[in-house]
Participant: 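So that we are looking at the same thing, I have put the structure below in structure tokens.
Treat the numbers as computed from the prediction; the structure is a model and nothing was measured.
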Amino acid sequence: MSAPPAPSHPPLTTAPREDCPWCGARRLRARTPALDRCQSCAHVFRNPPPPAPGPAPDRDRPGRHLATARAVLRALRDEPESWLDVGTGDARFPAAARTLFPYTAFDGLDATPRVVRARAAERVEEAHVGRLTDRALTDPLRARYDVVSLLHHLTRVPDPRAELRAALTLLRPGGLLVLELPDPDAPFAALTALGRTSRDRSGHLHLPPRANLAAYLTAAGWATLTPPGRRLAATYRIIARRRASAP
């Protein structure tokens with residue numbers, strides 16, 4: 001079974017889109033002056049996007065980080081050997097998760113040099129600067145990790161499908177993918193997505209609903225372990241396991 005087809009043209013553009021960046025449908029409806037919702041798949045996205053997305057703010061949320069780490073612990077059979085945190089920033093999450101996974105090697109990937117400083121602070125063992133979609137960076141990492149986490153990362157990249165597709169290639173058979181994203185239907189989700197103003201480049205570019213990500217993973221041959229009803233206030237979490245037969 002193959003993943004859903006990609007939209008007909010690249011999603012990175014400063015002109016307003018006429019189709020959905022997730023499913024390609026042309027049935028868009030304005031949710032706010034700067035956000036559109038696809039009436040076919042319910043994907044919410046900033047339209048038009050800022051010319052260049054700004055870096056995500058690095059927030060230290062030890063309680064949330066530990067809750068995520070505990071959820072992964074419940075889903076694992078054994079302690080993972082290796083874990084990559086994507087969009088890690090200053091690696092606050094790996095630092096918190098290490099308290100539950102003391103024998104796991106945590107690496108970090110981020111588009112900014114903050115991950116290099118995180119390595120110097122010994123929050124991660126390896127620091128990778130760049131994007132998941134940069135094959136020169138990620139090809140050497142293929143099938144290397146037992147866990148890959150993308151926490152509030154897919155909302156801030158120009159093409160979330162491409163980032164998700166690249167993340168799946170980094171996991172070993174039986175590995176876990178961990179996603180956390182804002183729920184687009186939560187109260188005030190649209191205001192949060194825009195950041196401080198409609199021109200704020202640090203806001204979210206995409207708010208995909210949980211059903212879209214779960215369907216994508218199922219079509220790609222992944223087993224979703226978290227039930228739809230389990231949510232974290234305005235955030236939802238998906239933990240998925242790579243089946244041995246998944247490409």
Participant: Give, for atom CD of E180 and atom CD1 of I238, the distance between the pair rounded to the nearest 0.5 Å.
Facilitator: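 E180 atom CD to I238 atom CD1 measures 10.5 Å (nearest 0.5 Å).
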Participant: Can any side-chain N or O of N212 pair as donor or acceptor with the backbone N or O of C41 at less than 3.5 Å?
Facilitator: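 Here the side-chain-to-backbone pair exists.
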Participant: Less than 6.0 angstrom separating the ring centers of F101 and W83, yes or no?
Facilitator: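 Centroid separation for F101 and W83: below 6.0 Å.
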Participant: As a quick check of understanding, evaluate side-chain contact (heavy atoms from CB on, under 4.5 Å) for V178 and D85, giving each step before the final call.
Facilitator: CA-CA 9 Å; V178 185; D85 187 45; over 6 Å; no
Participant: Among the clusters formed by ILVMFWY side chains lying less than 4.5 Å apart, do L177 and L225 turn up in the same one?
Facilitator: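 Shared cluster, no.
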Participant: Within the structure provided, determine whether R131 and V157 are in side-chain contact (heavy-atom separation under 4.5 Å).
Facilitator: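 Yes; the side chains approach each other to less than 4.5 Å.
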Participant: Given the rule in the side-chain contact (heavy atoms from CB on, under 4.5 Å) test, do N47 and L35 qualify, once you have shown the distances and angles that lead to the verdict?
Facilitator: CA-CA 6 Å; N47 195 22; L35 288 177; over 6 Å; no
Participant: Using modelled atom types and a 3.5 Å cut-off, is there a donor and acceptor pairing between side-chain atoms of T32 and backbone atoms of A34?
Facilitator: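 Yes; at least one donor-acceptor contact below 3.5 Å.
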Participant: For a quick check under 3.5 Å, do S40 and R27 share a side-chain donor-acceptor pair by atom type?
Facilitator: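 Yes.
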Participant: Determine the minimum heavy-atom distance between L66 and A96, stating which atoms define it.
Facilitator: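 So the two residues come closest at CD2-O, 3.5 Å.
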Participant: Using modelled atom types and a 3.5 Å cut-off, is there a donor and acceptor pairing between side-chain atoms of R123 and backbone atoms of F93?
Facilitator: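 No, because the side chain of R123 does not come within donor-acceptor range (under 3.5 Å) of the backbone of F93.
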Participant: Can you tell me how far apart CZ (R46) and CZ (R156) are? Round to the nearest 0.5 Å.
Facilitator: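 The CZ atom of R156 is 9.0 Å from CZ of R46, to the nearest 0.5 Å.
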Participant: Below 4.5 Å, heavy atoms only, C-beta onward: do P182 and T155 meet side chain to side chain?
Facilitator: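 The answer is yes, as the side chains (C-beta and beyond) meet within the 4.5 Å cut-off.
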Participant: Would you call the rings of H206 and H43 parallel, tilted or perpendicular, where under 30° means parallel and over 60° means perpendicular?
Facilitator: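 Plane angle between 30° and 60°, so tilted.
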Participant: Answer yes or no: is there an ion pair linking R98 with E122, defined by an N-O contact shorter than 4.0 Å?
Facilitator: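 No, R98 and E122 are not salt-bridged.
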Participant: Report yes if the side chains of T226 and Y236 come closer than 4.5 Å at any heavy-atom pair, otherwise no.
Facilitator: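 A side-chain contact is absent here, since even the closest heavy-atom pair is not under 4.5 Å.
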Participant: Honestly, is R161 close enough over W22, meaning NZ or CZ under 6.0 Å from the six-membered ring centre and within 45° of the axis?
Facilitator: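 That pair qualifies as a cation-pi contact.
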Participant: Using salt bridge (Lys or Arg N to Asp or Glu O under 4.0 Å), reason through E126 and R144 one step at a time and then give a plain yes or no.
Facilitator: CA-CA 13 Å; E126 292 186 13; R144 176 173 170 179; 2.6 Å; yes
Participant: Less than 4.0 angstrom from a charged side-chain N to a carboxylate O is my criterion; do D159 and R165 meet it?
Facilitator: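 R165 and D159: not salt-bridged.
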Participant: For D90 versus A118, what's the shortest heavy-atom pair and its separation?
Facilitator: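 In this case the closest contact between D90 and A118 is O-CB, 3.6 Å.
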Participant: Between L154 and L181, is the side-chain contact (heavy atoms from CB on, under 4.5 Å) condition met? List the steps.
Facilitator: CA-CA 7 Å; L154 292 179; L181 298 93; 4.0 Å; yes
Participant: Does any N or O in the side chain of R242 come within less than 3.5 Å of the main-chain N or O of L171, such that one atom is a donor and the other an acceptor?
Facilitator: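 At least one qualifying donor-acceptor pair exists.
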Participant: Determine whether D146 and L176 satisfy the following criterion, side-chain contact (heavy atoms from CB on, under 4.5 Å), listing intermediate values before the conclusion.
Facilitator: CA-CA 6 Å; D146 299 306; L176 292 185; over 6 Å; no
Participant: Got a sec, which residues hit salt bridge (Lys or Arg N to Asp or Glu O under 4.0 Å) with E81, two or more places apart in sequence or on another chain?
Facilitator: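 With sequence neighbours excluded, E81 shows a salt bridge (Lys or Arg N to Asp or Glu O under 4.0 Å) to R172, given in chain and number order.
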Participant: Nearest heavy-atom pair of A167 and L150: which atoms, and what distance?
Facilitator: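 Taking every non-hydrogen atom into account, CB-CD1, 3.9 Å.
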Participant: Ignoring hydrogens and angles, tell me if any N or O in the side chain of T88 forms a donor-acceptor pair with the backbone of D110 under 3.5 Å.
Facilitator: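 Absent.
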Participant: With distance as the sole test, does T99 use its side chain to make a donor-acceptor pair with the main-chain N or O of A95 at under 3.5 Å?
Facilitator: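 Between the backbone of A95 and the side chain of T99 there is no qualifying donor-acceptor contact (under 3.5 Å).
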Participant: How long is the straight-line distance from CG of L164 back to OG1 of T133, given to the nearest 0.5 Å?
Facilitator: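 Result: 12.5 Å between the selected atoms.
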Participant: Looking at A97 and F106, what are the two nearest heavy atoms and their distance?
Facilitator: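 Minimum heavy-atom contact is CB-CZ, 3.7 Å.
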Participant: Quick one: CG on L179 to OG1 on T235, what's the gap to the nearest 0.5 Å?
Facilitator: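 The distance works out to 12.5 Å.
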Participant: Is there a donor-acceptor contact under 3.5 Å linking the side chains of T112 and R114?
Facilitator: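 Yes.
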Participant: Any side-chain heavy atom of R119 sitting closer than 4.5 Å to one from E125?
Facilitator: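 They are not in contact (no side-chain heavy atoms under 4.5 Å apart), so the answer is no.
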Participant: So if you build clusters from Ile, Leu, Val, Met, Phe, Trp, Tyr with side-chain heavy-atom gaps below 4.5 Å, do V86 and L137 land together?
Facilitator: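 Same cluster.
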Participant: Could you state the interatomic distance from OG1 (T169) to CG (L141), rounded to the nearest 0.5 Å?
Facilitator: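 Going from OG1 on T169 over to CG on L141, the span is 8.5 Å.
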Participant: Rounded to the nearest 0.5 Å, what separates atom CG in L217 from atom CD1 in I239?
Facilitator: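 L217 atom CG to I239 atom CD1 measures 12.0 Å (nearest 0.5 Å).
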Participant: Quick one: hydrophobic cluster around L28, which other residues, with the 4.5 Å side-chain cut-off, linked directly or via members?
Facilitator: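 Traced through the cluster, L28 reaches F45.
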Participant: Give a yes or no on whether the backbone of Y103 and the side-chain of E79 come within a donor-acceptor separation of less than 3.5 Å.
Facilitator: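 Such a contact is found between E79 side chain and Y103 backbone.
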Participant: Does this structure show an ion pair linking R17 with D19, if we count only N-O contacts that are shorter than 4.0 Å?
Facilitator: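 Yes, charged N to carboxylate O under 4.0 Å.
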Participant: Provide the closest heavy-atom pair for V124 versus A91 in the form atom of the first, atom of the second, distance.
Facilitator: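 Heavy atoms of V124 and A91 come nearest at CG1-CB, 3.7 Å.
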Participant: Does some side-chain heavy atom of P184 sit less than 4.5 Å from a side-chain heavy atom of P208?
Facilitator: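 SC-SC contact between P208 and P184 ruled out.
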Participant: Can you confirm whether V44 sits close enough to R31 that some side-chain heavy atom of one is under 4.5 Å from a side-chain heavy atom of the other?
Facilitator: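 V44 vs R31: side chains touch.
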Participant: Look at the side-chain heavy atoms of Ile, Leu, Val, Met, Phe, Trp and Tyr, link any pair under 4.5 Å apart, and say whether Y216 and L132 land in one connected group.
Facilitator: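 Yes; tracing contacts between hydrophobic side chains, which count when under 4.5 Å, links both residues.
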Participant: Quick one: list whatever passes salt bridge (Lys or Arg N to Asp or Glu O under 4.0 Å) with D36, sequence neighbours left out.
Facilitator: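 Partners of D36 under the salt bridge (Lys or Arg N to Asp or Glu O under 4.0 Å) test: none.
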Participant: Any heavy-atom pair between the side chains of L109 and L84 that's under 4.5 Å?
Facilitator: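 The answer is yes, as the side chains (C-beta and beyond) meet within the 4.5 Å cut-off.
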